[in-house]
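The block underneath contains the structure these notes are about, expressed in structure tokens.
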Protein chains: 2
Amino acid sequence: MTLDRAAVDRLRARLQAYMAKKGLRSTAQRRLIVDTFFEGASHMTIEDLLTEVRARDKGIGYATVYRTLKLLAECGVASERRFGDGLSRYELADDAKAHHDHLICISCGTIVEFEEPRIETLQDEVAHRYGFQVTSHKHEMYGTCADCQKKVS
Amino acid sequence: MTLDRAAVDRLRARLQAYMAKKGLRSTAQRRLIVDTFFEGASHMTIEDLLTEVRARDKGIGYATVYRTLKLLAECGVASERRFGDGLSRYELADDAKAHHDHLICISCGTIVEFEEPRIETLQDEVAHRYGFQVTSHKHEMYGTCADCQKKVS
DNA sequence: TTCCATGCAAAATATTTGCAACATT
DNA sequence: AATGTTGCAAATATTTTGCATGGAA
């Protein structure tokens with residue numbers, strides 16, 4: 001689920017605005033990490049991203065990647081996800097599109113995104129029923145993807 | 001969401017059968033921890049349960065509670081849940097009833113269970129659309145409960 | 001008597017933070 | 001020059017495991 005050019009530009013602008021507002025600085029490390037994150041696969045862990053980043057600059061530290069991803073999450077450019085394997089994963093935020101949720105293959109780790117507006121509607125209904133004001137939600141299905149089902153087992 | 005007597009008996013029987021099959025032993029600690037778990041509130045953390053258990057027997061160790069909950073989860077008597085605060089929580093399994101999901105108040109920590117069969121149906125539809133064979137799912141909504149909304153903020 | 005269970009302490013996992021040196025503005 | 005940033009190491013926070021001792025069967 002790659003974002004189109006316009007969406008990417010919007011996110012980059014948001015980051016820039018946030019950094020300006022906060023008086024944060026543009027460093028070589030930050031630029032490299034951010035670029036790598038934007039270009040790389042979705043749902044990467046900090047470790048994943050660190051590996052890719054180090055391929056381009058060996059000196060980058062874990063904490064810098066960690067802090068940069070945190071920064072991206074803070075300003076709404078990235079979303080942190082946890083899929084139960086104990087690792088935090090990050091994906092580009094995409095508020096231009098409807099909220100999506102995830103199907104996770106417990107065999108190969110593949111993560112598929114899905115959208116189902118009718119579920120969102122029912123969710124709202126449930127929240128209203130309990131008087132909750134919902135700020136975020138998590139809807140994940142764990143199982144075996146089509147490919148892994150074929151591989152017998 | 002307390003279970004009725006019959007459901008509890010069923011779960012206890014399942015545990016007993018599992019232990020017998022595996023040659024596991026009934027110890028005073030295990031009995032105490034299991035009883036406390038069955039009688040206590042839902043969604044307790046290991047630490048919560050340890051506190052309650054120690055009120056009855058000071059000598060119980062964290063690891064024993066940890067291992068007992070793991071045992072309960074293994075045989076399907078308890079379900080482990082994680083609601084994003086970094087702690088594992090446990091609730092009694094209840095396969096007699098429809099699967100339930102959770103509303104979590106990010107202000108006071110209250111956890112409300114809900115059931116919405118229509119969401120389950122749509123879920124199945126989505127999984128089928130992607131060829132996934134779903135074995136479990138997680139559907140959580142985070143926000144502010146009715147009470148906390150009143151407390152202004 | 002055998003072998004599982006317990007409690008303690010140590011290890012393992014991941015995340016988060018303190019700090020001196022360094023870089024941006 | 002002032003202040004934010006980096007990388008390293010240490011601190012956290014939890015969960016998980018090793019092991020000698022104790023207990024169930």
Side-chain angles (χ1 to χ4, degrees), chain A residues 15-37 43-75 78-90 109, chain B residues 15-37 43-75 78-90 109:
Chain A
L15 172 61
Q16 192 166 15
Y18 184 81
M19 289 179 66
K21 190 180 67 186
K22 292 268 188 175
L24 305 181
R25 291 167 185 175
S26 173
T27 65
Q29 292 95 326
R30 245 175 215 168
R31 287 190 295 273
L32 174 56
I33 294 166
V34 170
D35 288 350
T36 307
F37 177 66
H43 308 115
M44 281 200 287
T45 62
I46 296 178
E47 208 67 56
D48 290 340
L49 192 53
L50 180 64
T51 302
E52 293 210 6
V53 158
R54 278 192 171 155
R56 301 209 235 169
D57 180 341
K58 294 188 200 305
I60 306 282
Y62 178 100
T64 303
V65 174
Y66 164 78
R67 286 187 277 231
T68 301
L69 285 174
K70 197 168 190 185
L71 165 64
L72 291 176
E74 262 170 39
C75 64
S79 300
E80 185 183 317
R81 304 275 180 191
R82 286 166 185 269
F83 295 128
D85 60 356
L87 298 171
S88 293
R89 291 165 188 281
Y90 294 83
Chain B
L15 172 60
Q16 193 166 15
Y18 184 81
M19 290 178 66
K21 189 180 68 186
K22 293 268 188 173
L24 305 181
R25 291 165 185 175
S26 172
T27 65
Q29 292 96 325
R30 244 175 218 171
R31 286 190 297 273
L32 174 56
I33 294 166
V34 170
D35 288 349
T36 305
F37 177 66
H43 309 115
M44 281 200 286
T45 63
I46 296 178
E47 208 70 54
D48 290 340
L49 193 53
L50 181 64
T51 301
E52 295 209 6
V53 157
R54 278 192 173 157
R56 300 210 236 170
D57 181 341
K58 295 188 199 304
I60 306 281
Y62 179 100
T64 304
V65 174
Y66 165 77
R67 284 187 277 230
T68 301
L69 285 173
K70 197 168 189 186
L71 165 62
L72 292 176
E74 261 170 41
C75 65
S79 300
E80 185 183 316
R81 305 274 179 192
R82 286 167 185 267
F83 295 128
D85 60 356
L87 297 170
S88 293
R89 292 165 187 281
Y90 293 83

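All figures in this text were calculated on a predicted structure; none of them were measured in a lab. Order of the sequence lines sets the chain letters (A, B, ...), proteins ahead of strands, with each chain counted from 1.
With DNA chain C read from its 5' end, the first of the two nearest nucleotides for B:A63 and B:K22 is the one closest to B:K22. Along DNA chain D, the nucleotide nearest to A:I33 and the one nearest to B:A28 differ in position, and the one closer to the 5' end is contacted by A:I33. Heavy-atom nearest nucleotides on DNA chain D were determined for A:L24 and for B:T27, and the one closer to the 5' end corresponds to A:L24.
Between B:R54 atom CZ and C:dC8 atom P there is a gap of 7 Å when expressed in whole angstrom units. Look at CD1 on A:I60: it is 13 Å from C1' on C:dA23, rounded to the nearest Å. When the P atom of D:dA24 is taken as reference, atom CZ of B:R31 falls 7 Å away, rounded to whole Å. One can place NZ of A:K21 at 16 Å from P of D:dG4, the figure rounded to the nearest angstrom. The distance from atom CD of A:Q16 to atom P of C:dT25 is 11 Å, rounded to the nearest whole Å. Rounded to whole angstrom, the span from the CG atom of A:D85 across to the P atom of D:dT16 amounts to 13 Å. Straight-line distance from the CE atom of A:M19 to the C1' atom of D:dT5: 10 Å, rounded to whole Å. Distance CG (B:L50) to C1' (D:dA13): 16 Å, rounded to an integer number of Å.
To the nearest 0.5 angstrom, A:E74 atom CD is 12.5 Å from A:R67 atom CZ. Distance check: B:T27 OG1 to B:I33 CD1 gives 7.0 Å after rounding to the nearest 0.5 Å. Here the CZ atom belonging to B:R89 is positioned 11.5 Å from the CD atom belonging to B:E80, to the nearest 0.5 angstrom. For the atom pair A:T64 OG1 and A:I46 CD1, the distance stands at 11.5 Å (nearest 0.5 Å).
Proximity of A:S26 to the phosphate of C:dT24: no side-chain N or O atom is located under 4.0 Å from OP1 or OP2. OP1 or OP2 of C:dG7 sits under 4.0 Å from a side-chain N or O of B:Q29. An OP1 or OP2 oxygen of D:dT14 is reached within less than 4.0 angstrom by no side-chain nitrogen or oxygen of B:S88. The side chain of B:Y62 contributes no N or O atom lying less than 4.0 Å from OP1 or OP2 of C:dG7. Contact check, A:T64 against D:dG7: a side-chain N or O comes under 4.0 Å of OP1 or OP2.
A pairwise comparison of heavy atoms in A:R31 and A:S26 identifies NH1-OG, 2.8 Å as the closest pair. Annotation for A:M44 and A:E52: closest pair SD-OE2, 3.8 Å, computed over non-hydrogen atoms. Annotation for A:R54 and A:G61: closest pair NH2-CA, 3.9 Å, computed over non-hydrogen atoms.
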Please step through side-chain hydrogen bond (donor to acceptor under 3.5 Å, both in side chains) for the pair B:D48 and B:T45, ending with a clear verdict. CA-CA 5 Å; B:D48 290 340; B:T45 63; 3.2 Å; yes

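Donor-acceptor pairing under 3.5 Å, judged by distance alone, is absent between the side chain of A:R30 and the base of D:dT5.
Taking a 4.0 Å limit (strictly below) on heavy-atom distances, residues 65-75 of chain B reaches DNA chain D at B:Y66, B:R67, B:K70.
Side chain of A:R25, nearest nucleotide from C:dA23, C:dC4, D:dT15: C:dA23.
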